[in-house]
Each structure stands twice: as C-alpha cells, then as structure tokens.
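Okay, structure first, notes after.
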Amino acid sequence: MGTGDDAALISVPAGAELAISTDTLVSGKHFFADADPYRLGYKSLAVNLSDMAAMGAKPRWALLALTLPEELVNQNTAWLAEFSKGFFTLADRYHVELIGGDTTAGPLNIGIQIIGEVAAGKALRRSGAQPGDDIWVSGKLGDAALALCHELQQITLEPEEIAQCLPSLLTPVARVELGQRLIGLAHSAIDISDGLAADLGHILAASEKAACINIIDIPCSAVLKKYRQQSIAIDCLLAGGDDYELCFTAAKTNRREIEKLSVELTLPLTRIGEIYSGAGLTVKDAQGSAMTLDSKGYDHFNA
Ligand SMILES: [Mg+2]
C-alpha cells in the first residue's frame, strides 16, 4: 500500500498526463447484498479500468475505500480475503498498483479511485466526433442486462443461456488494450456503462453532433438474438448498462486499420452507424423506421 506515509506520492512520467476517475459500487444498488466477494472485488476494479480504457489511458495506480458492515468483518474474515483475491487478480493482470486505501465500518460500499497515464494531449475524449465518422462498438452488447433481467425474474432464460450471459454481468472485461490502441484512430470514445443509447448520447452532446444507428447492426450474442422479439431484449441492447464495451467514432478512412486491430486483439469491432451534423440520436429498426426515444432510453412501443 504505497509508501506507508499519509499520502501516496507519484511521479508523472515526462510527456504524460494523468487520467483520474472514481467509481463507487453500493450494496443493494449496484450489486446484490449477498454477492460473491471474489467477483465483487474483480468487478469493482473492472468498472474503473473501463473508464481508463475509454480515455485511452494506461491504468497505473488505484486507491480503495472500503466500507464494511461489522458482520462481514467479525463473522466472516474470508469475505475480505476473497474480495482481495478478485481485486488483485485483475490489478496484477494490468500491473495496477494499490497505492492507498481506507476501511470504515458501515453499510457495504466499495469506492475505487483509479489513475492512469496517457501521452499529453492525446487522450480519447467524448467531444471529438466528426460528421461522416463511423460509429463502432467492441464486443457484444446486452448480455449483462439480460442476465440481470433474469436475476430479477423479468425474463426466464434457460440454464445454459444464463450460464452464457452471467459472466458479462459478474466479471466484465474492460477494453483496456483497445482503448490505448485507439489513440490516433478514433475521434471520440466512451465506455458503455449506462447503455448504448445513453452513452452514445453523451458523445453526441459533448461533440454537438447527431447520429443514426441501425438496431440490426448492434452486435449481440445468440442468446440475446433469440429473445429479440421481446421488448425487454431490445431494452437490454439499447439501454442495458454494465456492458463495459467501448463505443467510439472514427473517420471512414480508418476502417481498414480498425478491422486489422480487431483481428489482432481477437475482439469483434462492429460498425453500427454514422455521425451527422445536428443533434440527437436516431435508431432505425429492422425495417428501417426510426424508433422513438423516451426519457430513460428507448420507447419500443412507439417503434
Ligand atoms: Mg465511463
């Protein structure tokens, strides 16, 4: 845990800027109170790594503020050991050093601050989208939200289907390497934590641009495809959070480079639409008709 002093000291490498972000997971809001501690430790770092990925930053350091109920400390010391194992499995994979932290008694709450480095002036931003840019997403969308809908008994998946979707919810993969490789290729980027429509909406707002995407082009698993006729699956695809994939925009002239990157990283990168002048997001359904936005995400009933 750093130097053992009152604060951690870090030297900023020459020519670099620090990218700093924090994310808190609250019991009952972001995870079930009885969640597996290993997965919780893993996911709480993964969601922070995802913010580094969105900026094209290399994650370097983390600070952890853990609030633990007395019963977890007193009755079950294994909880903290398992949580740490999950956290450090991921931290070690990305060479992230834990340089500080704090533990307090209270309702279970996990706060992580992450610090990464990126070449000065080169970070990926939300504000750089240009008219004519392709809109890309990594991986597949919607499985995490679909798994959550199953857990909340809003939909019933077959046992093998829930087994396929659950890892997206419990142990998401932050696209750390992709983010760094997109510097110089992408005009704008964001990680999908709140759902594609909302997060692409953040790019559009910051860039003061409009976009049109086609729902049939959004990459999804065979499981999600099977339930695609149900409005809940469409919600998972457009408004489901917790995917932690990257959404980015790039000039059409970079298509070949991005396709090569996809092969190199063995990570699907899919074009789902285009950036235009103007404002707002249009989503076209399978028939090419515009679907209607509602305040939360998408109102499929008006489609
Ligand atoms: Mg984010």
Side-chain angles (χ1 to χ4, degrees), residues 17-26 29-31 40 42-65 87 90-91 94 96 109-118 122-129 133 135-145 148 168-183 185-207 209 211 213 218-219 236-250 267 269 272 275 281 296-297:
E17 281 175 327
L18 297 183
I20 304 173
S21 171
T22 187
D23 238 316
T24 302
L25 299 185
V26 177
K29 182 169 167 66
H30 298 105
F31 57 89
L40 211 48
Y42 185 102
K43 182 169 180 175
S44 59
L45 184 58
V47 304
N48 280 274
L49 289 172
S50 182
D51 283 327
M52 294 291 102
M55 300 295 290
K58 182 179 166 51
R60 295 289 309 275
W61 305 281
L63 295 104
L64 171 64
F87 181 95
L90 203 50
Y94 292 103
V96 171
N109 184 308
I110 303 150
I112 291 181
Q113 196 166 31
I114 191 153
I115 304 167
E117 63 174 282
V118 60
K122 300 287 188 199
L124 301 172
R125 309 284 300 272
R126 296 176 179 183
S127 55
D133 274 5
I135 302 167
W136 296 80
V137 294
S138 65
K140 293 171 183 159
L141 301 188
D143 277 0
L148 184 62
S168 300
L169 178 67
L170 299 178
T171 47
V173 178
R175 301 305 182 186
V176 174
E177 188 171 12
L178 173 64
Q180 291 171 67
R181 296 292 298 275
L182 286 176
I183 287 183
L185 280 179
H187 281 150
S188 68
I190 193 167
D191 67 318
I192 304 174
S193 53
D194 298 333
L196 176 64
D199 288 318
L200 177 54
H202 293 316
I203 285 184
L204 301 180
S207 301
K209 296 291 179 293
I213 61 173
I218 302 172
C236 290
L237 206 51
L238 287 172
D242 270 356
D243 287 315
Y244 300 103
E245 295 294 346
L246 293 186
C247 174
F248 59 96
T249 78
L267 172 65
L269 299 174
I272 61 165
I275 298 290
L281 174 61
K296 277 180 12 206

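Every number for a ligand or one of its atoms is a count from 1 in the order of the listing.
- By the criterion of a separation under 2.8 Å, the protein N/O/S atoms near the Mg ion (ligand 1) amount to Asp51 OD1, Asp191 OD1.
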Without placing hydrogens or testing angles, list every side-chain donor-acceptor pair under 3.5 Å for residues 187-194, not counting sequence neighbours.
residue, atom, partner, partner atom, Å
His187, ND1, Asp133, OD1, 2.9
His187, ND1, Asp133, OD2, 3.0
Ser188, OG, Thr249, OG1, 2.8
Asp191, OD2, Ser50, OG, 2.7

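- Rounding to the nearest 0.5 angstrom, the gap separating the CD1 atom in Ile112 from the CG atom in Asp51 is 11.5 Å.
- Ser44 is linked by a side-chain hydrogen bond (donor to acceptor under 3.5 Å, both in side chains) to nothing, counting only residues two or more places apart in sequence or in another chain.
- Taking both residues in full, the closest heavy atoms of Ile114 and Asn48 are given as CG2-O, 3.7 Å, listed atom of the first, atom of the second, then distance.
- The side chain to side chain donor-acceptor pair (under 3.5 Å) analysis of residues 135-145, with sequence neighbours excluded, yields the pairs Ser138-Glu245, Asp143-Ser221.
- Between Leu124 and Gly179, the shortest heavy-atom distance links the atoms CD1-O, 3.5 Å.
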